[in-house]
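Start at 1 and go down the list; that is how both ligands and their atoms are numbered. Just so it is clear, the values below take in all heavy atoms, side chains as well, and ignore hydrogens, waters and symmetry mates. The chain is numbered in sequence order, starting from 1.
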Amino acid sequence: MAHLCVNIDHIATLRQARRETEPDPVAAAGIVEQAGAEGVTVHLREDRRHIQDRDVDLLRKTVKTKLNLEMAATDEMVAIACRLRPDESTLVPEKREELTTEGGLDVAGHEEKIAAAVKRLKLAGITVSLFIAPDPAQVRAAAGVKADFVELHTGAYAHALQPAEVDRELGLLATAAMQAHSLGLRVNAGHGLTYANVGRVVRIPEVEDLNIGHNIIARAALVGLDRAVREMLAAMKKGTPKEV
Ligand code: PXP
């Protein structure tokens, strides 16, 4: 079954709303791991709107499963990652005017810059993932810049309303996952996934990790983080086809 990596940025967002010390994402990471998640994901944004440098320093020391650091492909962030050495680094389009397509990182349009960031991160021993739309040109470009993983953007699938549209978006994800795999890339997925829609993404055989934040933390605000994570793991398990 695909692994669950919980994005805990929203815990830091709540803390920053009052510039207080609580809730602490470091404590949240411990609860997430105890509940059975296989990884913790945080996005250190250039404007530090939620996760702070102190958080990533401490998380690097405390996370026992897998720490996935989401970041823009900037010199500052690459330097931080190379010092910190998260288990995985996911490059995301943060400076929208520079790097984005609507779906994800525009690797095809910025191959040189992204290839340089990938190279620096890999030399530091960090596994590198690129957050891209399920678009054949972006998958090819991700292989071209020698990323280890792509993280397929599931937002369009998650936001599709009509059944035919949902099927179409799921088909694009499945095709991109196959293409990535055939080019030697490993595959993660995430964005907009919920207890209700995660099952069909889990069934895409190439998908290794799912990065899920908002839906879990929203539920955690009402029922607690431990339960919210366990419920997501149960939803993923339910969505996985039975072994034959
Ligand atoms: N993957 C990436 C690359 C993201 O940037 C985010 C959002 O921070 C997620 C997954 C998780 O998305 P959501 O919060 O909608 O579950």
I'd like to check which ligand 1 atoms, numbered from 1 as shown, lie under 4.0 Å from a non-hydrogen atom of [X].
| X | result |
| --- | --- |
| Gly192 | 12 (O), 13 (P), 15 (O), 16 (O) |
| Asn7 | 8 (O) |
| Val92 | 3 (C) |
| Glu151 | 1 (N), 2 (C), 3 (C), 10 (C) |

Going through the distances and angles, do Asp106 and Lys113 end up as a salt bridge (charged side-chain N to carboxylate O under 4.0 Å, His left out)? CA-CA 11 Å; Asp106 182 9; Lys113 177 178 179 172; over 6 Å; no
Got an N/O contact under 3.5 Å between Gly213 and ligand 1? yes
Purely on distance, is any nitrogen or oxygen of His43 under 3.5 Å from one on ligand 1? no
Please state which part of Glu70 comes within less than 4.0 Å of ligand 1, counting heavy atoms only: side chain, backbone, both or neither. side chain
Between Asn211 and ligand 1, which part of the residue brings a heavy atom under 4.0 Å of the ligand: side chain, backbone, both or neither? both
Decide whether the shortest distance between a heavy atom of Asn215 and an atom of ligand 1 is less than 4.0 Å. no
Decide whether the shortest distance between a heavy atom of His191 and an atom of ligand 1 is less than 4.0 Å. yes
Testing Arg83, Arg60, Arg48 for salt bridge (charged side-chain N to carboxylate O under 4.0 Å, His left out) with Asp53, which one passes? Arg48
Sequence-distant partners of Pro205, side-chain contact (heavy atoms from CB on, under 4.5 Å), two or more places apart: none
Can we say Lys66 and Asp209 salt-bridge, meaning some charged N sits less than 4.0 Å from an Asp/Glu carboxylate O? yes
Between Glu70 and Asn211, does any side-chain donor sit less than 3.5 Å from a side-chain acceptor? no
Starting from Val6, can I reach Phe149 by hopping between I/L/V/M/F/W/Y residues whose side chains sit under 4.5 Å apart? no
Is there a path of hydrophobic side-chain contacts, each under 4.5 Å between heavy atoms of I, L, V, M, F, W or Y residues, that connects Val198 with Tyr195? yes
Determine whether a donor-acceptor pair (N or O, by modelled atom type, separation under 3.5 Å) exists between the side chain of Asp148 and the backbone of Ser129. no
Protein heavy atom at shortest distance from atom 14 (O) of ligand 1: His214 N, 2.8 Å
